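The next block holds one structure in the form of structure tokens; read it before the comments.
Just so you know, these numbers come straight off a predicted model, no measurement behind them. Every chain is numbered from 1 and lettered A, B, ... according to where its sequence line falls, protein lines coming before strand lines.
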Number of protein chains: 2
Amino acid sequence: MLSKKAQYAFRALSTLVRSDLALRKEQNGGVSTPGEHPVAISEMVKEHPMSSKFLETILLDLRRGGILGSKKGKGGGYYLLKHPEDTPLAQVIRILDGPIAPLPCVSLHFYERCVDCNEAVCGLNRLMSEVRDANLAVLERRTLADLAVKPGQPLGQSQR
Amino acid sequence: MLSKKAQYAFRALSTLVRSDLALRKEQNGGVSTPGEHPVAISEMVKEHPMSSKFLETILLDLRRGGILGSKKGKGGGYYLLKHPEDTPLAQVIRILDGPIAPLPCVSLHFYERCVDCNEAVCGLNRLMSEVRDANLAVLERRTLADLAVKPGQPLGQSQR
DNA sequence: TATTTCCCCATAGGATTTGTGGGGTTAAGA
DNA sequence: TCTTAACCCCACAAATCCTATGGGGAAATA
């Protein structure tokens with residue numbers, strides 16, 4: 001199960017994606033770039049009711065994780081560092097919830113050796129690797145861009 | 001991530017599966033049936049070091065969940081109620097860890113409505129449904145029988 | 001009757017998650 | 001230069017969940 005952190009992250013990110021898309025549309029007319037029009041926490045909370053303080057820690061994690069940039073001071077806020085299609089959901093989840101794999105011993109980014117588990121006899125590793133791969137097949141393919149697709153609209157097979 | 005409970009459960013179950021397979025082999029010679037040769041907690045702990053008391057609560061859950069039968073008194077213990085291929089891994093996980101879905105609002109067995117989430121705008125539900133389905137594709141197909149397959153041996157595409 | 005084993009309940013201890021508070025720094029604008 | 005708005009950082013409080021233990025009871029076997 002996703003943590004609240006990850007859920008809140010996705011909600012905030014969906015706001016940023018929409019803002020990003022709107023800006024890029026304008027930009028075709030040669031106007032602005034995302035870093036110049038960041039979205040403040042107060043804006044995001046207006047759209048998705050939650051604790052601003054808590055959201056703040058989440059957004060800081062996302063910034064440290066290389067997904068967001070930020071601008072301080074009046075008129076400041078957060079913005080996407082890359083095109084929405086270039087950030088897979090897996091990256092967000094890893095930053096906030098850690099491993100995607102169901103066991104540490106089959107994790108790609110957070111591997112830990114299995115204690116008390118005789119690997120020569122353990123039939124679980126392979127099965128859980130299958131589960132991990134099934135997850136990643138979705139989470140590495142789907143991106144922030146898919147977050148902005150509303151329930152009614154069709155979701156492409158591959159955005160990239 | 002799987003809880004310790006689920007991990008321990010799978011270890012204990014792998015012992016029961018092997019015991020079951022051995023008995024069925026004998027049974028072809030017309031000897032015994034699983035319920036008559038249960039495996040005691042003390043036996044399982046000998047093979048997989050862990051707290052007996054903790055394992056006890058786990059096995060009770062599995063019994064209540066319809067996966068195991070038990071026999072009291074001297075010579076008692078636990079045994080599989082069905083053929084190993086008839087118990088998908090998903091069933092074990094649901095008993096011990098609850099929902100497999102990444103969000104309550106996309107769970108099949110533990111559904112809960114999303115509060116604070118405007119479903120008309122929420123692009124996350126559909127994506128997480130995809131993740132859920134990817135998981136279930138593995139966890140409903142793989143069964144306890146696959147637990148007994150050692151790392152060296154080939155794992156079939158479908159056991160049933 | 002003694003022993004072994006499962007059964008049930010309560011709860012302790014620890015870890016993790018969730019959320020809050022306060023003080024600092026940076027930037028914009030009057 | 002002053003005020004205000006916003007991010008930044010750290011510490012910690014509160015709640016929840018996970019992990020594990022303890023003790024007494026009931027059933028089965030010999």
May I ask you to evaluate whether B:Tyr8 reaches the phosphate of D:dA20, defined as a side-chain N or O under 4.0 Å from OP1 or OP2?
-> yes
Should side-chain heavy atoms under 4.5 Å link Ile, Leu, Val, Met, Phe, Trp and Tyr, which residues sit in the same cluster as A:Phe110?
-> none
Nearest nucleotide by nearest heavy atom, which residue falls closer to the 5' end of DNA chain C, B:Ser42 or B:Arg63?
-> B:Ser42
Are any of B:Ser51's side-chain N or O atoms less than 4.0 Å away from OP1 or OP2 of D:dT19?
-> no
Which atoms of nucleotides 22-30 of chain D (N or O only) lie under 3.5 Å from a protein N or O atom, and what are those distances?
from   : atom 1 : to      : atom 2 : distance (Å)
D:dG23 : O6     : B:Lys53 : NZ     : 2.2

Would you mind reading off the distance between A:Ile41 atom CD1 and D:dC9 atom C1', rounded to a whole angstrom?
-> 13 Å
Any side-chain N or O of B:Ser3 under 4.0 Å from OP1/OP2 of D:dC17?
-> no
Figure out the CZ/P separation between A:Phe54 and D:dC9, and round it to whole Å.
-> 18 Å
Can you name the side chain to side chain donor-acceptor pair (under 3.5 Å) partners of B:Arg94, sequence neighbours left out?
-> B:His109, B:Glu140
Separation of D:dC8 C1' from A:Ile58 CD1 (nearest whole Å) | 16 Å
Nearest-Å distance for atom pair CE/C1', residues B:Met1 and D:dC17 = 15 Å
Taking salt bridge (Lys or Arg N to Asp or Glu O under 4.0 Å) as the test, write out the residues that go with B:Asp61, two or more places apart.
-> B:Lys5, B:Arg64
B:Asp97 CG to D:dT19 C1', straight-line distance once rounded to whole Å = 13 Å
Contacts under 3.5 angstrom, residues 96-105 of chain A side chains, donor-acceptor by atom type, not counting sequence neighbours:
from    : atom 1 : to     : atom 2 : distance (Å)
A:Asp97 : OD1    : A:Ser3 : OG     : 2.4
A:Asp97 : OD2    : A:Ser3 : N      : 3.0
A:Asp97 : OD2    : A:Ser3 : OG     : 3.4

With a 3.5 Å cut-off and sequence neighbours excluded, list the donor-acceptor pairs that the side chains of residues 75-83 of chain B form with protein atoms.
from    : atom 1 : to      : atom 2 : distance (Å)
B:His83 : NE2    : B:Arg24 : NH1    : 3.4

Give me the first and last nucleotide of DNA chain C, going 5' to 3', that has any atom under 4.0 Å from a heavy atom of chain A.
-> C:dT18 to C:dA28
Pairs under 3.5 Å (N/O, protein and nucleotides 12-16 of chain D):
none

Taking only residues two or more places apart in sequence, or in another chain, which ones meet B:Ser52 in a side chain to side chain contact (heavy atoms under 4.5 Å, CB included)?
-> B:Ile41, B:Val45
Applying side chain to side chain contact (heavy atoms under 4.5 Å, CB included), name anything that partners B:Ser51, two or more places apart in sequence or on another chain.
-> B:Lys53, B:Phe54
Can you tell me the distance, in whole Å, between the CG atom of A:Leu60 and the P atom of D:dC10?
-> 10 Å
Identify whether B:Leu89 and B:Met1 are in the same connected component of the hydrophobic contact network (ILVMFWY, side-chain heavy atoms under 4.5 Å).
-> no
Qualifying salt bridge (charged side-chain N to carboxylate O under 4.0 Å, His left out) pairs, either residue in residues 65-77 of chain B, two or more places apart = none
Is the shortest distance from a Lys or Arg side-chain nitrogen in B:Arg142 or B:Glu85 to a carboxylate oxygen in the other one below 4.0 Å?
-> no
Can you tell me how far P of D:dC8 sits from CZ of A:Arg64, to the nearest Å?
-> 8 Å
Looking only at atom types and distance, does a side-chain atom of A:Asn135 sit under 3.5 Å from a main-chain N or O of A:Val131, one as donor and one as acceptor?
-> yes
What integer distance in Å separates A:Leu16:CG from D:dC7:P?
-> 11 Å
Is a side-chain N or O of A:Thr87 found less than 3.5 angstrom from the main chain of A:Pro84, in a donor-acceptor match?
-> no
